[in-house]
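No hydrogens, no waters, no symmetry mates; every other heavy atom, side chains included, goes into these values. Count residues from 1 along the sequence. All figures in this text were calculated on a predicted structure; none of them were measured in a lab.
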Amino acid sequence: MLRHIHIENVAVVKAADIDFHYGFSVLTGETGAGKSVIIDSVKLLTGKRVSRDLIRTGEDYAYCEALFDGICPEHEAYLNELGVETDDGEVLVCVKLGADGKTLSKINGKTVTKTTLREVGQRLISIHGQKDSDMLTDEKNYVGLLDSYADTDALKREYFEIYSEIKLLQKSLDSLIKDETEIALEKDMLSYRIKDIDALKLKVGEEEALCDELKRLESAERINKHTALTYKILHGADNGGVSGLLSRAANSLSQISGVSADASELSERLNDISYEISDIAHRVKDIAVDTDGDPTERLDKIQDRLEKISKLKKKYGDSIEKVLEFRNNAEARLEELEVSDEKCDEYRLKISQKRAEAQKIAQKLTTLRKKAAKEVSERVEQTLEYLDMPSVKFQICVTPAEDLNSTGADVVSFFVATNPGEPPKPMVEIASGGELSRIMLSLRSVLNQKDNVGCSIYDEIDTGISGKTSRKIGIKLREAACGGQVICVTHSAQIATLADTHLLISKLEKDGRSFTTVCELDGEQRVDEAARILGGINVTEAQKQAARDMIEEKNNF
């Protein structure tokens, strides 16, 4: 049930707190007082699309918060599957709409996506109004409306998973059976690219090695000059260089090792240094660039190789690794095209198997829908008869679709005959606005008993309906609220006087700005509001008495 709603900066509402009760509640007020703002706030809280124009002029955001309690175990389990933990059956939903159109949604303090908010909202509250009647003029909505009664959720999820696999398999098959000319062109292109890459016989890491060698060759003269000089100093010359001098010094010290312990140690150290210097000298010699032959020829070959590698990288990837990866992918695609006939047969077999699975589930869906269609049709007709449409015949037909679709293998149609003796016709062709409102109410009164939504809101469904029929609609709404919660925005005194709780939406002006307030009416306040709705420039005592009578009469229903 919806227990409390807090609204900030929503249209004419600067700030408002509204407490709701179990049973049947109504919201009334002058046109433009802000009743629609309450509905728009609930829509924002349930993830429905709203305009950023909802934000009060001059403010940066709109904020709504709602507390729900008494969540049924079935919906509580579903919310838990979505990652929403309830607190003793309570759920706090908060949504902030920014001036940039972005929303921040939280449920019990945890940030959630708009998709999760919408799914949770569908389990907490349902909103029905004139726009809901538009659902009856769009045949795409009929399957969903019927399925909400037929309890097909589990089967539909199982079916849709298989149907999605069929679509993916079909897409893969279609890509294989393209026009033969197009396939031939693709094969030629792939073959050319593979040969283009293979011709160079690339090796991972060779580009870096070639660049290093290029630098050495370009600096060969300088490298050889300095390495030769270094080698000569360390190990060359007539005296053996630094290494030879150190060796001679070590030998000299060794001659007095018998009379001096220090001399022996120092001799060994000099020998170690001599060996190290000798090793360095030979490694320096290895650094020298081999200039045997023509180094210019080697330079040209390296530069030519690097240029060819660069061209391949421009065409197929920014590194040798990526070029080779491109080549392997091209080869795999070529193999796929060359064995496309075999793969086509494989895909066709898989599609056939999946279609057989889908058709079995679709048949189960059809059975459930046909049973539900009969039950719903009968119950809607009973409700319509009560709502002063005794001659109207309502029928839901479930017929085979041309092929499997995302919801199964059925076409669901709503037919209506508004006059005796007339054959049923598609509802979109004959129903008026007032008739659609009553049909929608009748349909919802049947469906709501199945969906276990704790709170149902009806937004001005009495538009264009006479007082007598409005009274009957109010009685139906009151019946629907037994053991639950129904909230109705109305301009009808016949409906308002049947409510357990009456909330008045008023608009006042302060400092040049409009503000909306909400207060719960009781006693004579409620009589005065009902009398105002009954009409007249000046409210008469007769109208007040009529209002009292209607309020007292509600206890009889």
Side-chain angles (χ1 to χ4, degrees), residues 1-57 59 61-69 91-97 103 105 117-118 121-122 124-132 444 453-463 474 477 480-481 484-492 495-496 499-508 513-521 525-526 529 532-533:
M1 309 294 175
L2 175 61
R3 293 307 302 257
H4 180 82
I5 186 169
H6 171 74
I7 303 170
E8 289 181 26
N9 302 331
V10 180
V12 293
V13 177
K14 174 62 178 175
D17 287 275
I18 310 172
D19 289 319
F20 291 98
H21 306 282
Y22 292 99
F24 181 29
S25 301
V26 293
L27 294 155
T28 66
E30 297 280 4
T31 300
K35 298 185 296 297
S36 62
V37 175
I38 309 299
I39 302 299
D40 288 338
S41 298
V42 174
K43 288 180 178 178
L44 179 63
L45 285 162
T46 53
K48 296 187 185 326
R49 184 183 298 276
V50 296
S51 169
R52 71 182 71 178
D53 294 338
L54 193 67
I55 301 173
R56 182 176 172 84
T57 302
E59 303 293 345
Y61 68 92
Y63 176 79
C64 298
E65 179 180 296
L67 175 65
F68 297 86
D69 68 1
V91 173
L92 179 66
V93 181
C94 309
V95 180
K96 184 177 182 180
L97 172 64
T103 58
S105 308
L117 178 67
R118 189 180 301 115
Q122 289 173 352
L124 298 177
I125 195 165
S126 59
I127 306 174
H128 320 295
Q130 289 293 307
K131 290 185 179 179
D132 276 334
R444 277 297 175 191
V453 173
C455 175
S456 296
I457 296 180
Y458 291 87
D459 184 19
E460 298 186 1
I461 62 167
D462 50 66
T463 302
L477 292 173
Q485 183 184 47
V486 171
I487 300 169
C488 180
V489 177
T490 182
H491 288 288
S492 169
I495 293 177
D500 300 305
T501 305
H502 190 150
L503 299 170
L504 175 64
I505 314 295
S506 304
K507 184 168 68 174
L508 55 87
R513 294 295 303 274
S514 294
F515 293 83
T516 290
T517 61
V518 183
C519 66
E520 185 175 331
L521 302 182
Q525 291 178 324
R526 186 169 182 183
E529 174 62 7
R532 180 196 68 77
I533 299 173

> CG/L97 to CD/E59 distance, rounded to the nearest 0.5 angstrom?
Replying inline: 12.5 Å
>> Between T490 and L27, is the side chain to side chain contact (heavy atoms under 4.5 Å, CB included) condition met? List the steps.
In response: CA-CA 6 Å; T490 182; L27 294 155; over 6 Å; no
> Which residue pairs pass the salt bridge (charged side-chain N to carboxylate O under 4.0 Å, His left out) test with at least one member in residues 24-41, sequence neighbours excluded?
Replying inline: E30-R532
> Is there a donor-acceptor pair under 3.5 Å between the side chain of D500 and the backbone N or O of F24?
Replying inline: yes
> Yes or no on side-chain hydrogen bond (donor to acceptor under 3.5 Å, both in side chains) for H21 and E520, after CA distance, side-chain angles and deciding distance?
Replying inline: CA-CA 11 Å; H21 306 282; E520 185 175 331; 3.2 Å; yes
>> Once rounded to the nearest 0.5 Å, what's the spacing between atom CG of D459 and atom CD1 of I39?
In response: 4.5 Å
>> Test side chain to side chain contact (heavy atoms under 4.5 Å, CB included) on V93 and L117; report intermediate values, then the result.
In response: CA-CA 9 Å; V93 181; L117 178 67; 3.6 Å; yes
>> Determine whether Q485 and C455 satisfy the following criterion, side chain to side chain contact (heavy atoms under 4.5 Å, CB included), listing intermediate values before the conclusion.
In response: CA-CA 5 Å; Q485 183 184 47; C455 175; 3.2 Å; yes
> For the side-chain contact (heavy atoms from CB on, under 4.5 Å) test, which of I487, I495, V26 pairs with L477?
Replying inline: I495
> Hey, what do you get for CD1 (I38) to CD1 (I18), rounding to the nearest 0.5 Å?
Replying inline: 3.5 Å
> Should Y22 and M1 count as side-chain neighbours, where that means a heavy-atom distance under 4.5 Å?
Replying inline: yes
> Once you round to the nearest 0.5 Å, how far does CD1 of I5 lie from CG of L45?
Replying inline: 5.0 Å
> How about H491 and T28: does a side-chain donor come under 3.5 Å of a side-chain acceptor?
Replying inline: no
> If you measure only the distance, is there a donor-acceptor pair under 3.5 Å linking the side chains of E65 and H4?
Replying inline: no
> Which is it for E8 and R56 under the salt bridge (Lys or Arg N to Asp or Glu O under 4.0 Å) test, yes or no, and what are the steps along the way?
Replying inline: CA-CA 9 Å; E8 289 181 26; R56 182 176 172 84; over 6 Å; no
> Tell me, do S25 and V486 make a side-chain contact under 4.5 Å, heavy atoms counted?
Replying inline: no
>> Does any part of the side chain of L503, heavy atoms only, come nearer than 4.5 Å to the side chain of L521, both counted from C-beta?
In response: no
>> So Y458 and V489, do their side chains get closer than 4.5 Å, heavy atoms only?
In response: no
> Out of curiosity, I125 CD1 to T46 OG1, how far, rounded to the nearest 0.5 Å?
Replying inline: 7.0 Å
> Can you list the residues that meet the salt bridge (charged side-chain N to carboxylate O under 4.0 Å, His left out) rule with D19, with sequence neighbours excluded?
Replying inline: none
> Which heavy atom of C64 sits nearest a heavy atom of L44, and at what distance?
Replying inline: SG-CD2, 3.8 Å
>> Is the terminal nitrogen or CZ of K96 (NZ for Lys, CZ for Arg) located under 6.0 angstrom from the six-membered ring centre of Y63 and within 45° of that ring's axis?
In response: no
> Hey, what do you get for OG1 (T516) to CG (L508), rounding to the nearest 0.5 Å?
Replying inline: 8.0 Å
